[in-house]
Amino acid sequence: MERIHHVSLAVRDLTKAHQFYSEKLQLKQITRPPFDSTGVWYAIGEEQQLHLLQHPAGETLRKSGIDTTDGHFAVWVKSYEKTKHWLESVGIPYEARPNSVAGFAQIFILDPDQNIIEFAAPYSS
């Protein structure tokens with residue numbers, strides 16, 4: 001194995017999810033092949049992608065708050081403090097763990113469908 005290529009998340013409302021990921025998180029949308037399903041793709045870094053898929057029924061989607069033992073994906077960021085300030089500036093609530101036993105600082109957020117996203121950063125940033 002070389003690297004993670006993409007992470008796929010199920011969403012209930014693709015328009016609402018697209019606004020969150022494009023406008024609030026400022027991810028760059030990339031071309032998605034013409035699948036029969038409804039979705040949108042984003043670039044994360046140089047070679048990784050995030051795929052959002054509108055789930056027709058929504059039964060498989062999370063319904064609760066942040067539980068870090070639940071499935072989530074993490075994005076490495078350069079600065080813990082700058083990421084916190086940025087999240088505050090765009091009005092995204094977060095759970096911060098500046099001294100996590102993970103070996104790096106962690107910030108957790110929820111998207112509109114309760115998918116958990118982690119921002120991991122060096123301790124001293």
Side-chain angles (χ1 to χ4, degrees):
M1 289 184 256
E2 294 181 29
R3 61 183 167 78
I4 291 176
H5 178 265
H6 72 271
V7 172
S8 291
L9 298 177
V11 300
R12 290 175 184 87
D13 181 336
L14 190 61
T15 301
K16 188 175 182 180
H18 178 62
Q19 289 172 337
F20 179 83
Y21 284 94
S22 292
E23 295 172 17
K24 293 218 177 199
L25 295 188
Q26 301 175 356
L27 297 183
K28 180 186 173 199
Q29 185 175 347
I30 57 176
T31 303
R32 180 179 184 265
F35 294 115
D36 290 337
S37 60
T38 303
V40 63
W41 289 7
Y42 299 97
I44 297 182
E46 293 294 317
E47 299 180 7
Q48 290 83 37
Q49 300 173 5
L50 172 64
H51 299 177
L52 301 182
L53 303 168
Q54 185 161 306
H55 193 280
E59 289 95 6
T60 64
L61 299 171
R62 297 183 77 255
K63 295 178 181 165
S64 61
I66 294 171
D67 177 352
T68 60
T69 63
D70 204 343
H72 64 280
F73 74 96
V75 178
W76 188 262
V77 295
K78 292 179 183 179
S79 171
Y80 171 81
E81 288 299 326
K82 286 181 181 176
T83 301
K84 276 188 6 180
H85 293 303
W86 168 64
L87 291 169
E88 290 166 3
S89 74
V90 296
I92 298 175
Y94 60 85
E95 181 180 308
R97 297 184 184 177
N99 300 308
S100 172
V101 297
F104 46 86
Q106 297 171 295
I107 303 167
F108 294 92
I109 67 169
L110 295 172
D111 78 1
D113 291 288
Q114 308 304 309
N115 291 304
I116 301 168
I117 304 167
E118 174 184 344
F119 295 98
Y123 280 131
S124 62
S125 61

How far apart are the C-alpha atoms of Phe104 and Trp76, what are their side-chain angles, what is the distance that settles it, and do they pass the ring pair (Phe, Tyr, Trp, His ring centres under 6.0 Å) test?
CA-CA 10 Å; Phe104 46 86; Trp76 188 262; 5.8 Å; yes
Do [X] and [Y] share a hydrophobic cluster, counting only Ile, Leu, Val, Met, Phe, Trp and Tyr and linking them when any side-chain heavy atoms are less than 4.5 Å apart?
{"X": "Ile30", "Y": "Leu50", "value": "no"}
{"X": "Leu9", "Y": "Phe108", "value": "no"}
{"X": "Leu87", "Y": "Ile66", "value": "no"}
{"X": "Trp41", "Y": "Val7", "value": "no"}

Mind running side chain to side chain donor-acceptor pair (under 3.5 Å) on Ser37 and Arg32 for me, showing each step along the way?
CA-CA 11 Å; Ser37 60; Arg32 180 179 184 265; 2.8 Å; yes
Between Ile109 and Leu25, is a side-chain contact (heavy atoms from CB on, under 4.5 Å) present by the stated rule, with each step listed?
CA-CA 11 Å; Ile109 67 169; Leu25 295 188; 4.1 Å; yes
Please find the pair of heavy atoms, one from [X] and one from [Y], that lie closest to each other, and give the distance.
{"X": "Val90", "Y": "Lys24", "answer": "O-NZ, 2.9 Å"}
{"X": "Pro98", "Y": "Ala105", "answer": "O-CB, 3.6 Å"}
{"X": "Phe73", "Y": "Ile44", "answer": "CE1-CD1, 4.3 Å"}
{"X": "Lys84", "Y": "Ala96", "answer": "CD-CB, 4.2 Å"}

Ile117 vs His72 side-chain heavy atoms within contact, under 4.5 Å:
no
Roughly how far apart are [X] [atom1] and [Y] [atom2], rounded to 0.5 Å?
{"X": "Thr15", "Y": "Gln54", "atom1": "OG1", "atom2": "CD", "result": "7.0 Å"}
{"X": "Ser64", "Y": "Asp70", "atom1": "OG", "atom2": "CG", "result": "6.5 Å"}
{"X": "Ser79", "Y": "Phe119", "atom1": "OG", "atom2": "CZ", "result": "12.5 Å"}
{"X": "Leu14", "Y": "Gln19", "atom1": "CG", "atom2": "CD", "result": "10.0 Å"}
{"X": "Lys78", "Y": "Thr83", "atom1": "NZ", "atom2": "OG1", "result": "11.0 Å"}
{"X": "His6", "Y": "Glu47", "atom1": "NE2", "atom2": "CD", "result": "15.0 Å"}

Quick one: do the His18 and Tyr42 side chains pair a donor with an acceptor below 3.5 Å?
yes
Do we see a donor-acceptor contact under 3.5 Å between the side chains of Glu88 and Tyr94?
yes
Any sub-3.5 Å donor-acceptor pair from [X]'s side-chain atoms to [Y]'s backbone N or O?
{"X": "Asp113", "Y": "Arg12", "answer": "yes"}
{"X": "Asp111", "Y": "Ile116", "answer": "no"}
{"X": "Tyr123", "Y": "Ser100", "answer": "yes"}

Can you tell me how the ring of His51 sits relative to the ring of His5, calling it parallel under 30°, perpendicular over 60° and tilted otherwise?
perpendicular
Given Leu110 and Ile92, is the side-chain contact (heavy atoms from CB on, under 4.5 Å) satisfied, shown in steps?
CA-CA 8 Å; Leu110 295 172; Ile92 298 175; over 6 Å; no
Using the side-chain contact (heavy atoms from CB on, under 4.5 Å) rule, take Leu53 and Phe35 through it: C-alpha gap first, then chi angles, then the decisive distance, then the call.
CA-CA 11 Å; Leu53 303 168; Phe35 294 115; over 6 Å; no
Between Val11 and Phe20, does a side-chain contact (heavy atoms from CB on, under 4.5 Å) hold up when you go through it step by step?
CA-CA 11 Å; Val11 300; Phe20 179 83; over 6 Å; no
